[in-house]
Amino acid sequence: MLGIEIDSIQIEKLFNVERAWDNLPFILQGVPLTMLVAVIGMLIGLILGFFLALARGSDHIYLRWPARLYISFMRGTPILVYLFVLYFGLPVVGIEFPATVAAIIGFGTNSAAYIAEINRASLNSVAYGQWESARALGFSYWQTIRRIIMPQATRIAIPPLGNVFLDLLKATSLAAMISVPEILNKAQIAAGRTVDSMTMYITAALIYWPLTMIFSALQDYFEKRYNRHL
């Protein structure tokens, strides 16, 4: 038995509602930057991940193996270490990024590895006969990708891509470690100012929660939209 009496726990020391309410506007100031890092990082990941997926599935070894190496490295290293390399390590060789830019680059290029594997699986799930039919109709490679393969692969990719974005949105909290003034960074400042870490961190969690709920609802909407004709 832990020997903890519930009556002895002072709830106000776990979460002080008044203190949370007073500091809520300050912590909410981190929401725009959190969204900026997450959205732009996701866009970079989508673009880079698309071309990585094509390179990963290419018949040309000089495209396939660099793509495989990139994906393996990004998926096999912690994102926080990668952020430290970008922000604290590169200045050693004369390359400096502002903290927010380093975070966007870090999350964008890291998420691209996961998105590439999702895209590759989605593209491969389209029946090979679709490619043969497109060639028979005289479509070029890029016309086939854009007009025939991508619309079908998108429907398959939406659920896992939505999950990648939700993970990315929550992972932006790691940007606080390189001084990006996002939600968690603001909560850390408020915690130091009020000497009430528990309340401030719970407040931050209660901000992340509805954000993820909103984007989960958007994900459900797009899934239903793409599946309504099936």
Side-chain angles (χ1 to χ4, degrees), residues 34-87 89-90 95 97 100-131 134 139-175 178 212 215-216 218-220 222-223 225-227:
T34 293
M35 295 307 305
L36 178 71
V37 172
V39 172
I40 298 182
M42 186 67 181
L43 289 175
I44 293 173
L46 286 170
I47 295 171
L48 183 57
F50 173 72
F51 290 104
L52 280 170
L54 295 181
R56 175 75 169 76
S58 173
D59 293 332
H60 301 290
I61 192 171
Y62 56 84
L63 291 176
R64 185 171 68 254
W65 280 102
R68 292 186 65 174
L69 181 63
Y70 179 93
I71 292 169
S72 176
F73 176 79
M74 287 298 180
R75 295 177 68 190
T77 54
I79 180 60
L80 184 57
V81 173
Y82 187 44
L83 290 177
F84 280 3
V85 169
L86 288 173
Y87 188 64
L90 289 183
I95 302 174
F97 294 115
T100 302
V101 175
I104 290 172
I105 293 173
F107 288 116
T109 52
N110 182 268
S111 64
Y114 298 91
I115 292 172
E117 290 296 271
I118 292 171
N119 288 341
R120 184 175 66 88
S122 301
L123 292 171
N124 289 342
S125 68
V126 179
Y128 187 71
Q130 300 287 322
W131 291 90
F139 282 23
S140 68
Y141 176 81
W142 289 109
Q143 286 176 323
T144 303
I145 286 286
R146 182 168 58 89
R147 297 184 181 181
I148 298 177
I149 305 302
M150 282 301 297
Q152 299 178 68
T154 298
R155 174 180 57 80
I156 300 168
I158 284 178
L161 287 178
N163 292 335
V164 169
F165 180 75
L166 291 178
D167 288 340
L168 179 57
L169 179 61
K170 292 179 289 185
T172 56
S173 59
L174 294 174
I178 58 171
T212 58
F215 285 100
S216 292
L218 286 174
Q219 177 183 342
D220 291 340
F222 284 113
E223 285 184 34
R225 180 179 178 182
Y226 275 89
N227 289 327

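Not measured: the values here are computed from a predicted model.
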From Ser122 atom OG to Ile149 atom CD1, the distance as rounded to the nearest 0.5 Å
12.0 Å

Does Met42 reach the side chain of Val164, with side-chain heavy atoms less than 4.5 Å apart?
yes

Identify the two heavy atoms, one from Met150 and one from Leu123, that lie closest to each other, and give their separation to 0.1 Å.
SD-CD2, 4.1 Å

Return the CD1 to OG1 distance between Ile105 and Thr100, rounded to the nearest 0.5 Å.
11.0 Å

Under 3.5 Å, is there a donor-acceptor pair between the side chain of Glu117 and the main chain of Ala113?
no

Rounded distance (nearest 0.5 Å) linking atom CG of Leu86 with atom OH of Tyr82:
5.0 Å

Side chain Asn124, main chain Arg120, donor-acceptor under 3.5 Å:
yes

Starting at CG of Asn163, measure out to CZ of Phe215 and round the result to the nearest 0.5 Å.
14.0 Å

Under 4.5 Å between any side-chain heavy atoms of Phe222 and Leu161, yes or no?
no

Going through the distances and angles, do Thr172 and Met35 end up as a side-chain contact (heavy atoms from CB on, under 4.5 Å)?
CA-CA 9 Å; Thr172 56; Met35 295 307 305; over 6 Å; no

Tell me which donor-acceptor pairs under 3.5 Å the side chains of residues 66-78 have, and how far apart each pair is, sequence neighbours excluded?
from  : atom 1 : to     : atom 2 : distance (Å)
Tyr70 : OH     : Thr109 : O      : 2.8
Thr77 : OG1    : Phe73  : O      : 2.9

Determine the minimum heavy-atom distance between Asn119 and Ala53, stating which atoms define it.
CB-CB, 3.6 Å

Write down the atom of Phe107, the atom of Ala171, and the distance for their closest heavy-atom approach.
CZ-O, 3.2 Å

How about Ile115 and Phe50: do any of their side-chain heavy atoms sit closer than 4.5 Å?
no

Between Leu168 and Gly41, which heavy-atom pair has the shortest distance, and what is it?
CD2-C, 4.0 Å

If you define the side chain from C-beta out and look only at heavy atoms, does anything of Ile156 sit under 4.5 Å from Gln152?
no

Closest heavy-atom pair and its distance - Leu166, Thr212:
CD2-O, 3.6 Å

Taking every heavy atom of Phe97 against every heavy atom of Leu90, the minimum-distance pair comes out as CE1-CD1, 3.7 Å

Taking the side chain from Ser58 and the backbone from Leu54, do they hold a donor-acceptor pair closer than 3.5 Å?
no

